[in-house]
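Written below as structure tokens is the structure these notes are about.
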Amino acid sequence: RFQLGWITADHVAFAEPEGAERYIIHAVGQPPAPSVLSAVRFLCRSCYADYPNSEAWVSLRDDSGYDADLPDDQRHHVQVHIRLLTSADHYRGTRLEASLRATQEARVASSHVIRACAITAHTATIAIAAGDTAATDVAELCNAPSPSSPPPRPPVPR
């Protein structure tokens with residue numbers, strides 16, 4: 001249920017091991033669209049000792065498509081999954097690490113903090129940060145204004 005490996009590389013962002021970034025992700029149950037992210041992933045070497053090459057995947061789950069049969073308490077949540085990989089990159093399953101509503105955050109291992117800034121019907125704005133100031137960084141990213149839209153075009157003279 002929580003395996004997201006079927007999402008194509010075109011729809012997955014890879015978060016850097018240091019620093020902080022804000023992303024807008026589309027619900028995995030929605031049809032993929034060009035230039036739209038369905039998930040963000042990052043290496044999680046310290047998540048589980050037995051799985052040193054693991055990755056964390058962050059996605060939005062809603063009530064459409066693939067997620068139509070999710071229980072109500074998992075719908076419209078940003079979910080953090082750990083894809084377990086051994087040192088030889090053998091896949092060993094996926095674990096649900098956190099399920100977040102808007103404004104909630106979770107620490108993954110000791111390195112990353114993920115915050116669900118906002119969740120709408122089929123999109124979520126999330127912030128992911130690593131390092132000593134990760135919790136402060138995600139809060140600042142969530143509170144920062146969104147990039148502004150270009151000004152409307154003036155009417156065409158007739």
Side-chain angles (χ1 to χ4, degrees), residues 1-33 36-142:
R1 172 89 245 171
F2 301 114
Q3 164 60 350
L4 297 177
W6 54 268
I7 297 173
T8 64
D10 293 348
H11 300 286
V12 178
F14 192 78
E16 295 298 323
E18 291 296 324
E21 190 69 46
R22 185 166 64 175
Y23 302 90
I24 295 174
I25 56 175
H26 202 254
V28 297
Q30 295 294 306
V36 173
L37 293 178
S38 294
V40 178
R41 69 184 178 108
F42 57 87
L43 293 176
C44 191
R45 298 198 188 284
S46 59
C47 284
Y48 295 99
D50 294 343
Y51 304 103
N53 291 336
S54 294
E55 298 173 331
W57 287 67
V58 183
S59 63
L60 174 64
R61 310 308 288 266
D62 68 357
D63 57 2
S64 63
Y66 179 77
D67 289 337
D69 62 346
L70 275 178
D72 288 342
D73 65 344
Q74 293 180 19
R75 293 178 178 188
H76 304 287
H77 282 70
V78 169
Q79 293 191 345
V80 182
H81 323 270
I82 305 299
R83 186 170 184 246
L84 304 171
L85 297 167
T86 66
S87 57
D89 284 339
H90 294 291
Y91 174 65
R92 293 290 184 242
T94 305
R95 293 186 186 167
L96 178 62
E97 193 76 7
S99 187
L100 309 172
R101 291 185 180 270
T103 72
Q104 291 182 318
E105 64 185 48
R107 182 170 287 280
V108 176
S110 59
S111 58
H112 287 78
V113 174
I114 296 110
R115 183 178 178 111
C117 304
I119 298 173
T120 62
H122 301 296
T123 61
T125 302
I126 61 171
I128 300 175
D132 296 337
T133 61
T136 303
D137 293 344
V138 294
E140 288 175 358
L141 282 170
C142 285

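Side chains are part of it too, since the values below use all heavy atoms of this structure and drop only hydrogens, waters and symmetry mates.
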* Mind checking the CG-CG spacing from L141 to D137? Nearest 0.5 Å is all I need. => 6.5 Å
* Can a donor-acceptor pair be found between the side chains of T133 and T136 at a distance below 3.5 Å? -> no
* Does any non-hydrogen side-chain atom of H77 lie less than 4.5 Å from one of L100? -> no
* To do: Could you tell me whether the side chain of V58 reaches within less than 4.5 Å of the side chain of Q79, counting heavy atoms only?
  => no
* Given side chains that start at C-beta, do those of I25 and T123 come closer than 4.5 Å, heavy atoms only? -> no
* Start with the C-alpha distance between I128 and V113, add both sets of side-chain angles, then the distance that settles side-chain contact (heavy atoms from CB on, under 4.5 Å), and finish with yes or no. => CA-CA 6 Å; I128 300 175; V113 174; over 6 Å; no
* Minimum heavy-atom distance A102-I119, with the two atoms named -> N-CD1, 3.6 Å
* Non-hydrogen atoms of S59 and S38 that approach each other most closely -> CB-O, 3.8 Å
* Asked: Heavy atoms, side chains only, cut-off 4.5 Å: are L37 and I24 in contact?
  -> no
* Structure fact -> Nearest heavy-atom contact between V78 and A116 is CG2-CB, 3.9 Å
* Asked: Would you call E97 and H81 a side-chain contact if the rule is heavy atoms closer than 4.5 Å?
  -> no
* Give the intermediate values and the outcome of side-chain contact (heavy atoms from CB on, under 4.5 Å) for residues E105 and V138. => CA-CA 9 Å; E105 64 185 48; V138 294; 3.8 Å; yes
* **Stepwise side-chain contact (heavy atoms from CB on, under 4.5 Å) check, F42 with I114** => CA-CA 11 Å; F42 57 87; I114 296 110; 3.9 Å; yes
* Asked: Do you know the tightest heavy-atom contact between A13 and Y23?
  -> CB-CE2, 3.9 Å
* Asked: Is there a side-chain hydrogen bond (donor to acceptor under 3.5 Å, both in side chains) between D62 and H76 once you walk through the steps?
  -> CA-CA 4 Å; D62 68 357; H76 304 287; 5.6 Å; no
* Asked: If every non-hydrogen atom of S99 is compared with every non-hydrogen atom of Q104, which pair is closest and at what distance?
  -> O-OE1, 4.0 Å
* Structure fact -> Between the CZ atom in R101 and the OG1 atom in T103, the distance rounded to the nearest 0.5 Å is 10.0 Å
* Asked: Within a strict 4.5 Å, meaning less than it, do heavy atoms of the W57 and T94 side chains meet?
  -> no
* Asked: Looking at OG of S54 and CD1 of I82, how far apart are the two atoms once the value is rounded to the nearest 0.5 Å?
  -> 7.0 Å
* Asked: Of all heavy-atom pairs between R75 and A68, which one has the smallest distance, and what is that distance?
  -> NH2-O, 2.7 Å
* Asked: Would one find more than 12 heavy atoms of other residues, nucleotides or ligands at under 6.0 Å from atom CG of D132?
  -> no
* Do the non-hydrogen side-chain atoms of I126 and L60 ever get within less than 4.5 Å of each other? -> no
* E55/R41 under side-chain contact (heavy atoms from CB on, under 4.5 Å): CA gap, chis, key distance, verdict -> CA-CA 6 Å; E55 298 173 331; R41 69 184 178 108; 2.4 Å; yes
